[in-house]
Amino acid sequence: MKLLLENWREFVRLNEAVNPATIEKIEAALKQGGGESYIVGGAVRDELMPDTPPSKDIDFLVRGLSLSDIVAALSPLGKVSQVGRSFGVVAATVDGEEFDFALPRTSETKTGEKHTEFDVETDPNAPVEADLGRRDFTINALAKDAEGNIVDLFGGQEDLKNKIIRAVGDPNERFEEDPLRMLRAIQFAVRFGFTIEPKTLDAIKRNIDGIGSVAGERLFMELAKAWTKGSHNTDILVSLLSETGVGKKIFGEDFDPHAIKAEGDPRDKTISNFIAFFLEGGDYTVMRPAKEVVQYLKLTQQAADNTKPVYEYAGGHRDKLPLVANVLRQIGMSEQADKIEEALQLPLSPSELAVSGTDMMQLGLRGKQIGDALMRTLDAIHNRQLDNTYDDIVGFIGQ
């Protein structure tokens with residue numbers, strides 16, 4: 001399974017907007033083919049939000065055309081794929097940008113844990129209102145037609161203005177349709193600094209049992225969005241996971257996350273927050289994270305334990321230690337962070353010593369003796385008994 005660290009394009013988008021000429025070209029092709037197109041969802045939401053970069057993730061809703069008709073209309077513009085045909089979706093690459101084109105959905109029924117396990121019914125002639133009515137939150141149930149007119153049936157623009165996350169229609173029904181939406185409500189609240197409307201918040205608390213059926217990859221993706229795009233509001237994330245009960249429902253009763261201000265690029269922010277969330281409890285395996293992410297957590301746990309010298313547990317992970325130290329310092333473990341930063345000034349593994357195995361053999365050592373001597377040397381250097389120089393080390397070993 002490819003998770004977020006192995007497929008950043010799933011949730012990290014470049015800030016520059018799609019060229020408007022590309023959008024116009026697509027809309028013109030669909031109109032010429034006899035269709036009626038709308039930009040829907042997050043791209044419309046982000047366009048209406050002040051100080052928010054335009055979304056590079058643009059999805060279209062197309063009426064009046066079958067999937068085959070959409071393919072025929074778009075094929076002259078670029079590569080078209082029908083991998084989502086069973087869901088009423090085709091994908092196209094136009095001017096180097098990727099877009100999804102969907103038929104109006106009239107219903108969808110969850111049939112399994114994965115995000116692909118749905119039975120979907122579509123109708124090319126269904127009104128746009130039918131499709132928007134099945135979306136998760138009012139701020140996402142927005143559409144913009146080819147002339148630039150906004151279709152807003154559920155007060156999404158007003159909720160954007162008032163900074164509110166509100167489910168479309170009955171929140172209980174929306175969360176029963178897809179339990180991941182409960183975590184998405186939290187993610188959007190954290191990301192935008194919005195408040196979850198009381199009925200929606202109450203429905204999350206009453207429906208959290210359903211979130212146990214959500215695939216780990218989907219859970220990781222929503223948390224990663226909160227950790228990266230909402231990194232300035234991680235305290236809100238911790239608070240909402242606790243208030244709603246979602247955190248302990250997913251990760252167990254010992255889940256006790258720390259809120260930090262993660263730094264760096266999206267990858268570093270994700271890893272830093274993962275460490276801070278699971279350092280002191282919680283079953284992170286639910287999300288099946290990449291091995292590298294878990295490795296960072298294990299290093300941090302050993303550092304927090306503070307019973308071994310840094311070189312003993314982190315000899316081959318010099319590159320990971322600055323991030324580990326930063327997280328430890330933020331959660332109040334300054335002593336452990338200091339130890340790491342001091343250790344980084346010294347060799348952390350035998351390969352970083354000023355002598356080699358060949359040098360050891362010339363001193364008459366063989367086999368296990370060489371490894372033991374190199375580890376004793378590391379220990380002496382970290383105890384400030386000698387410097388990492390050839391002469392000091394040879395003199396130390398020859399004693």
Side-chain angles (χ1 to χ4, degrees), residues 3-6 8 11-12 190 216-217 219-228 230-239 241-242 247-248 250-349 351-352 375 378-379 382:
L3 298 176
L4 297 181
L5 290 177
E6 301 161 333
W8 290 107
F11 76 104
V12 179
V190 172
E217 182 180 19
L219 297 171
F220 199 155
M221 188 170 291
E222 293 305 320
L223 279 178
K225 288 177 182 177
W227 287 337
T228 56
S231 58
H232 54 294
N233 287 327
T234 312
D235 54 337
I236 298 176
L237 174 58
V238 170
S239 177
L241 288 173
S242 175
K248 290 185 183 295
I250 296 174
F251 303 115
E253 287 298 319
D254 62 340
F255 180 55
D256 188 19
H258 293 274
I260 63 171
K261 299 299 181 184
E263 302 170 348
D265 60 20
R267 174 184 176 277
D268 285 352
K269 287 180 178 180
T270 298
I271 294 173
S272 295
N273 276 296
F274 179 86
I275 293 170
F277 269 53
F278 297 102
L279 180 61
E280 297 183 347
D283 181 10
Y284 63 84
T285 64
V286 171
M287 297 188 297
R288 302 178 186 177
K291 289 182 180 178
E292 183 187 14
V293 186
V294 176
Q295 196 170 57
Y296 272 94
L297 176 60
K298 296 298 185 183
L299 284 172
T300 312
Q301 288 173 331
Q302 291 184 80
D305 186 52
N306 206 21
T307 58
K308 293 181 180 180
V310 175
Y311 71 86
E312 284 193 12
Y313 64 81
H317 303 289
R318 175 179 289 275
D319 61 321
K320 296 179 175 63
L321 292 179
L323 185 149
V324 169
N326 179 274
V327 173
L328 288 170
R329 195 172 298 284
Q330 286 204 54
I331 64 177
M333 296 186 178
S334 296
E335 178 185 347
Q336 292 89 329
D338 288 342
K339 281 190 174 183
I340 289 176
E341 291 171 357
E342 291 171 7
L344 283 169
Q345 308 306 312
L346 301 170
L348 291 175
S349 67
S351 64
E352 297 179 8
M375 291 308 294
L378 273 176
D379 186 69
H382 281 264

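By the side-chain contact (heavy atoms from CB on, under 4.5 Å) test, Glu335 is found to be paired with Asn306, Lys339, residues two or more places apart in sequence or in another chain being considered. Residues forming a side-chain contact (heavy atoms from CB on, under 4.5 Å) with Pro257 (at least two apart in sequence, or on another chain): Val238, Phe255, Phe277. For Asp254, there are no side chain to side chain donor-acceptor pair (under 3.5 Å) partners two or more places apart in sequence or in a different chain.
Residue pairs meeting the ring-ring contact (aromatic ring centres under 6.0 Å, His included) criterion with at least one member in residues 283-318, sequence neighbours excluded: Phe274-Tyr284, Tyr311-His382. Screening residues 271-287 for salt bridge (Lys or Arg N to Asp or Glu O under 4.0 Å) gives no qualifying pairs among residues at least two apart or on separate chains. Among residue pairs with one or both ends in residues 316-330, those qualifying as salt bridge (Lys or Arg N to Asp or Glu O under 4.0 Å) are Arg318-Glu352, Arg329-Asp338, Arg329-Glu341; sequence neighbours excluded.
Put simply, the side chain of Lys269 does not reach to within 4.5 Å of the side chain of Ile260, judged on heavy atoms. Leu279 is not listed as a side-chain neighbour of Val327, based on a closest heavy-atom distance of 4.5 Å or more. Ile271 is listed as a side-chain neighbour of Ile275, based on a closest heavy-atom distance under 4.5 Å.
Once rounded to the nearest 0.5 Å, the distance linking CZ of Phe278 with CG of Asp256 reads 11.5 Å. Distance check, rounded to the nearest 0.5 Å: CG of Leu323 to OG1 of Thr300 gives 7.5 Å.
Nearest heavy-atom pair across Lys261 and Ser231 is CD-O, 4.2 Å. A pairwise comparison of heavy atoms in Ala262 and Ser272 identifies CB-CB, 3.9 Å as the closest pair. Scanning both residues, Ala303 and Leu328, for their nearest heavy atoms gives CB-CD1, 3.7 Å. Across Val286 and Ile250, no two heavy atoms sit closer than the pair CG2-O, 3.6 Å. Contact between Leu348 and Ala343 at its shortest, heavy atoms only, is CD2-O, 3.6 Å. When all heavy atoms of Ala325 and Ala337 are compared, the pair lying nearest together is O-CB, 3.5 Å.
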For the pair Leu241 and Leu237, evaluate side chain to side chain contact (heavy atoms under 4.5 Å, CB included) and give the outcome as yes or no after the intermediate values. CA-CA 6 Å; Leu241 288 173; Leu237 174 58; 3.9 Å; yes
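A donor atom on one side chain and an acceptor atom on the other are found under 3.5 Å apart for Gln330 and Asn326.
Residue Lys298 qualifies as open at atom NZ: its count of foreign heavy atoms under 6.0 Å is 12 or below.
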